[in-house]
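Below is one structure, written out as structure tokens; comments come after it.
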Protein chains: 2
Amino acid sequence: MQSGTHTHVPSMVSAALPDPVPAEEYERCPVTDVLHRVGDKWSILIVVLLGKRPHRYNELHRGIATISQRMLTRTLRALEADGLVHREVFPTNPPSVEYRLTPLGRSLLTPLSALADWAVAHHPEIEAARAEHLPVQNEPRQ
Amino acid sequence: MQSGTHTHVPSMVSAALPDPVPAEEYERCPVTDVLHRVGDKWSILIVVLLGKRPHRYNELHRGIATISQRMLTRTLRALEADGLVHREVFPTNPPSVEYRLTPLGRSLLTPLSALADWAVAHHPEIEAARAEHLPVQNEPRQ
DNA sequence: CGGTATCCCAGTTGATACTG
DNA sequence: CAGTATCAACTGGGATACCG
């Protein structure tokens with residue numbers, strides 16, 4: 001279940017990061033920046049849900065089950081600020097607000113799916129590795 | 001400047017996440033799990049550096065510039081526990097320790113590069129979107 | 001319905017000092 | 001060289017209550 005179409009060393013990952021990484025380079029590294037955004041507790045989940053279809057606020061709230069209103073709002077605001085999600089208010093009564101992915105947000109689904117596929121495929125190996133390292137967790141290293 | 005080869009909805013991202021996401025599903029989601037690991041402050045940076053070639057401890061320390069010894073060690077231990085990085089001690093004097101990616105770690109470089117390419121390509125759009133949303137940052141929403 | 005405003009805790013990160 | 005130990009600071013996230 002591996003691609004096989006390209007097994008060579010990735011392109012821009014290395015290119016974006018010069019060998020000695022100075023402090024300034026790190027701060028503005030796009031890769032790190034994006035990973036920090038998408039790597040928080042709820043962003044990917046929301047992006048994936050919105051990838052299926054637009055959702056209203058409480059629809060997302062019910063959809064995720066364990067997220068607090070505070071974090072749902074904060075995460076949506078952050079995604080909106082980054083231009084990944086569009087928020088539209090319909091002046092109905094009661095008011096309704098719809099969230100949907102922007103074209104930029106939809107374009108993120110593609111590389112995200114590559115990582116998701118990797119995660120699904122290799123999660124057993126990771127779990128196995130963790131299980132092996134647990135026994136020596138608190139041992140001093142030689 | 002988009003791929004065009006596949007504009008459909010990604011495969012396993014949706015598949016791994018059923019529409020109403022119950023609490024238990026979230027906890028064990030491989031995608032979220034991997035993203036949390038790789039999404040921390042230093043992991044990707046280290047993985048990318050080790051993707052170029054093996055590095056010794058202080059070589060990484062000098063290479064990254066702003067990382068503390070504590071966080072370098074902790075991040076390396078975490079990557080090692082997940083089976084992404086291999087640590088080898090050479091009994092020289094003074095001692096030397098070499099870190100390199102495992103095959104699993106190297107396989108992560110491929111999907112990571114897809115995300116990295118996306119990040120590099122679309123970072124300007126993200127920055128632009130942020131710049132537009134900053135002025136209304138503290139305004140109450142209608 | 002779709003949010004804000006507070007308060008608070010747990011976990012993450014950093015600074016500094018010390019060691020086999 | 002390759003780390004550990006300790007403490008302090010910062011931040012993400014949750015609980016609860018309230019609002020237009």
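Chain A is the first sequence line, chain B the second, and so forth, proteins listed ahead of strands; every chain is numbered from 1.
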Among [options], which nucleotide has an atom closest to any side-chain atom of [X]?
X       : options               : value
A:Pro95 : D:dT4, C:dC1, D:dA17  : C:dC1
B:Thr73 : D:dG14, D:dT4, C:dC1  : D:dT4
A:Trp42 : C:dC1, D:dG14, C:dG14 : D:dG14
B:Arg77 : C:dG2, D:dG3, C:dT4   : D:dG3
A:Pro94 : C:dC1, C:dT13, D:dG3  : C:dC1

Please report, rounded to the nearest Å, how far the [atom2] atom of [N] is from the [atom1] atom of [X].
X       : N      : atom1 : atom2 : value
A:Ile46 : D:dG13 : CD1   : C1'   : 13 Å
B:His55 : D:dA2  : NE2   : C1'   : 16 Å
A:Glu80 : C:dG2  : CD    : P     : 15 Å
A:Glu98 : C:dG3  : CD    : P     : 12 Å
A:Leu72 : D:dT16 : CG    : P     : 18 Å
A:His61 : D:dA15 : NE2   : P     : 10 Å
A:Leu45 : D:dG12 : CG    : C1'   : 17 Å
A:His36 : D:dG12 : NE2   : C1'   : 13 Å

Query raised in the report: Cut-off 3.5 Å, side chains only: do B:Trp118 and A:Ser107 have a donor facing an acceptor?
Result: yes
Side-chain N or O of [X] versus OP1/OP2 of [N]: is the shortest distance under 4.0 Å?
X       : N      : result
A:Arg74 : C:dG3  : no
B:Arg62 : D:dA2  : no
A:Lys41 : D:dG14 : yes
B:Tyr99 : D:dC1  : no
B:Arg87 : D:dG3  : yes

Query - Side-chain (A:His123) to main-chain (A:Ala121) donor-acceptor, under 3.5 angstrom - result: no
Report task. Could you tell me whether the side chain of A:Thr102 and the main chain of A:Gly105 form a donor-acceptor pair under 3.5 Å? Result -> yes
Query raised in the report: B:Ile46 pairs by side-chain contact (heavy atoms from CB on, under 4.5 Å) with which of B:Leu50, B:Ile44, B:Val48, B:Leu49?
Result: B:Leu50
Query raised in the report: For A:Phe90, which contact category applies under a 4.0 Å heavy-atom criterion: base, sugar-phosphate, or nothing?
Result: nothing
Query raised in the report: Can B:Arg130 and A:Asp33 be counted as an ion pair, charged N to O under 4.0 angstrom?
Result: yes
Report summary line: The residue, A:Met71 or B:Arg70, whose nearest nucleotide of DNA chain D is more 5′ is B:Arg70
